[in-house]
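Positions are given from 1 along the sequence.
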Amino acid sequence: MSDLGALLRKAREQRGYSLDDIQETTKIRKRYLEAIETGDYKVLPGSFYVRAFVKTYAETVGLDAEEVLRLYQKELPKAATSEVGTAEPRIKPKRRSVQHNDRWGKVAVSLLMWAFPILIAAVIYVYYSNTKDSNPEELGTPPPITSDTTTPSPSISETPTPSITPTITPPPTPNVSVQLVETKGGKQYYSVSPGTGHKIQVDVSGYVWIGVYPGNGAKGKGLLNKTVLDKDVPTNSTFSFPLDQQLFVNVGSADKAVVSIDGVTIEDGDKAGQPIRMVFTPAEGETSAQ
């Protein structure tokens, strides 16, 4: 096998072509193709056809035909004198190509050309159909004038009702006087006058302990035995007690309770964690602080 034949055969096999494929594409007989691959150029009809067949073979397997002829020109037989001047036959390979069918493209263009005016006509038809079906008021046609005229009924004048200015009653002045007498032993002593008919109220805004006892809260004087209230109370609770005797009010935290007498709030500072310790004494039964 010649070097040129080995090159052509290798290129053919890389593309997956058989000699039958090359024969079908180039129309060169298979035995001539085999002769080219083996280097047996005597089988070919003439030296002039050798170059033409080699060139066509090279182009079919994807090689540069001119470069192949240049590199292997010494291996190829030279054309005979009688063949000089004769035009080199050109055998164009039948390449595998995909034929494009333009028929469907033309049909699609024609359909579009016809569909556009049809679409315009349909839009115009729908528009005028909707215009005819609309009521006269929507088209700006004035409503029909009827011959019946109704005489407007005379308006009945209403006598204005005189405005009544509401009387604002001022809130009643508390009928109680709470006076701080002294602060001693962590307690605040108050005198409440007049001495009867009062009520102590404790409004709770947080979970806190409350103790209300008769007397002034001194130990050994019935503080633990005579208890009006002594417990932890829940949030948003209200407790009230009649002030018909001296009472000692003790609250665990000043910011969680408000103490008042007949609506008069007793100032306690509202300090968180600071207990309230107050002694209220009716004026008529006032006793000295102990």
F248 and V212, any side-chain heavy atoms less than 4.5 Å apart = no
Can any side-chain N or O of Q274 pair as donor or acceptor with the backbone N or O of A254 at less than 3.5 Å?
-> no
Heavy-atom count around R277 CZ within 6.0 Å, excluding the residue itself: above 12?
-> yes
Of all heavy-atom pairs between V202 and A257, which one has the smallest distance, and what is that distance?
-> CG1-CB, 4.1 Å
For I22 and T26, which heavy atoms make the closest approach, and how far apart are they?
-> O-OG1, 2.6 Å
Report yes if some heavy atom in the side chain of I266 is under 4.5 Å from a heavy atom in the side chain of V178; otherwise report no.
-> yes
CD of E67: more than 12 outside heavy atoms within 6.0 angstrom?
-> yes
Quick one: NZ on K55 to OG1 on T60, what's the gap to the nearest 0.5 Å?
-> 12.0 Å
With sequence neighbours excluded, tell me which residues meet side chain to side chain donor-acceptor pair (under 3.5 Å) with Y41.
-> E75
Sole candidate of T281, I200, I261, V264 that passes side-chain contact (heavy atoms from CB on, under 4.5 Å) when paired with V192 | I261
Exercise: identify the closest heavy-atom pair between V279 and G215 = CG1-O, 4.3 Å
Please confirm whether the backbone N or O of Y17 pairs with a side-chain atom of R12, one donor and one acceptor, at under 3.5 Å?
-> yes
Do I210 and N250 pass the side-chain contact (heavy atoms from CB on, under 4.5 Å) test, and can you show the C-alpha distance, the side-chain angles, and the key distance before you say yes or no?
-> CA-CA 6 Å; I210 298 177; N250 190 2; over 6 Å; no
Salt-bridge test for D262 and K199: reply yes if a basic N is under 4.0 Å from a carboxylate O, no otherwise.
-> no
Looking only at atom types and distance, does a side-chain atom of T25 sit under 3.5 Å from a main-chain N or O of D21, one as donor and one as acceptor?
-> yes
Could you give me the CA-CA distance, side-chain angles and deciding distance for L44 and I36, then say whether side-chain contact (heavy atoms from CB on, under 4.5 Å) is met?
-> CA-CA 8 Å; L44 277 71; I36 292 174; 4.3 Å; yes
When clusters are formed by joining ILVMFWY residues with side-chain heavy atoms under 4.5 Å apart, either directly or through shared neighbours, do I120 and Y128 land in the same one?
-> yes
D232 CG to S237 OG distance, which is reported to the nearest 0.5 Å = 11.5 Å
Between NZ on residue K256 and CD1 on residue I276, distance to nearest 0.5 Å = 12.0 Å
Hey, quick one: are F241 and V258 part of the same hydrophobic cluster, counting side-chain heavy atoms closer than 4.5 Å, chains of contacts allowed?
-> no
Contacts of A11 that satisfy side chain to side chain contact (heavy atoms under 4.5 Å, CB included) - sequence neighbours left out = V61, L63
Check the pair M278, Y190 against side-chain contact (heavy atoms from CB on, under 4.5 Å), reporting the backbone distance first and the verdict last.
-> CA-CA 7 Å; M278 302 175 178; Y190 294 89; 4.1 Å; yes
Mind checking what makes side chain to side chain contact (heavy atoms under 4.5 Å, CB included) contact with Q245, not counting sequence neighbours?
-> P214, L247
Cation over ring face, K184 and Y189, 6.0 Å, 45° | no
Taking atom OG of S18 and atom CD of E13, what is their separation to the nearest 0.5 Å?
-> 10.5 Å
Check the pair V249, Y213 against side-chain contact (heavy atoms from CB on, under 4.5 Å), reporting the backbone distance first and the verdict last.
-> CA-CA 7 Å; V249 179; Y213 313 98; over 6 Å; no
Report the distance from atom CG of L180 to atom CD of E267, rounding to the nearest 0.5 Å.
-> 11.5 Å
Non-hydrogen side-chain atoms of V259 and Q201 separated by less than 4.5 Å | no
Do T56 and I28 have side chains that get closer than 4.5 Å, going by heavy atoms?
-> yes
Contacts of L112 meeting side chain to side chain contact (heavy atoms under 4.5 Å, CB included) (sequence neighbours excluded), chain-then-number -> none
Is any side-chain N of the basic residue among E34 and R31 closer than 4.0 Å to the acidic one's carboxylate O?
-> no
Mind checking side chain to side chain donor-acceptor pair (under 3.5 Å) for D244 and listing every partner two or more places apart, or none if nothing turns up?
-> none
Shortest non-hydrogen contact from P282 toward L243 = CG-O, 4.0 Å
Of all heavy-atom pairs between F53 and P45, which one has the smallest distance, and what is that distance?
-> CE1-CD, 4.2 Å
E182/K187 ion pair, N-O < 4.0 Å | no
Contacts of D255 meeting side chain to side chain contact (heavy atoms under 4.5 Å, CB included) (sequence neighbours excluded), chain-then-number -> S253, A272
Report the distance from atom OH of Y57 to atom CG of L4, rounding to the nearest 0.5 Å.
-> 9.5 Å
What one should report as the nearest heavy-atom pair of P234 and Y207 is CA-CD1, 3.7 Å
Hphob cluster co-occupancy, Y127 + F116, side-chain heavy atoms under 4.5 angstrom | yes
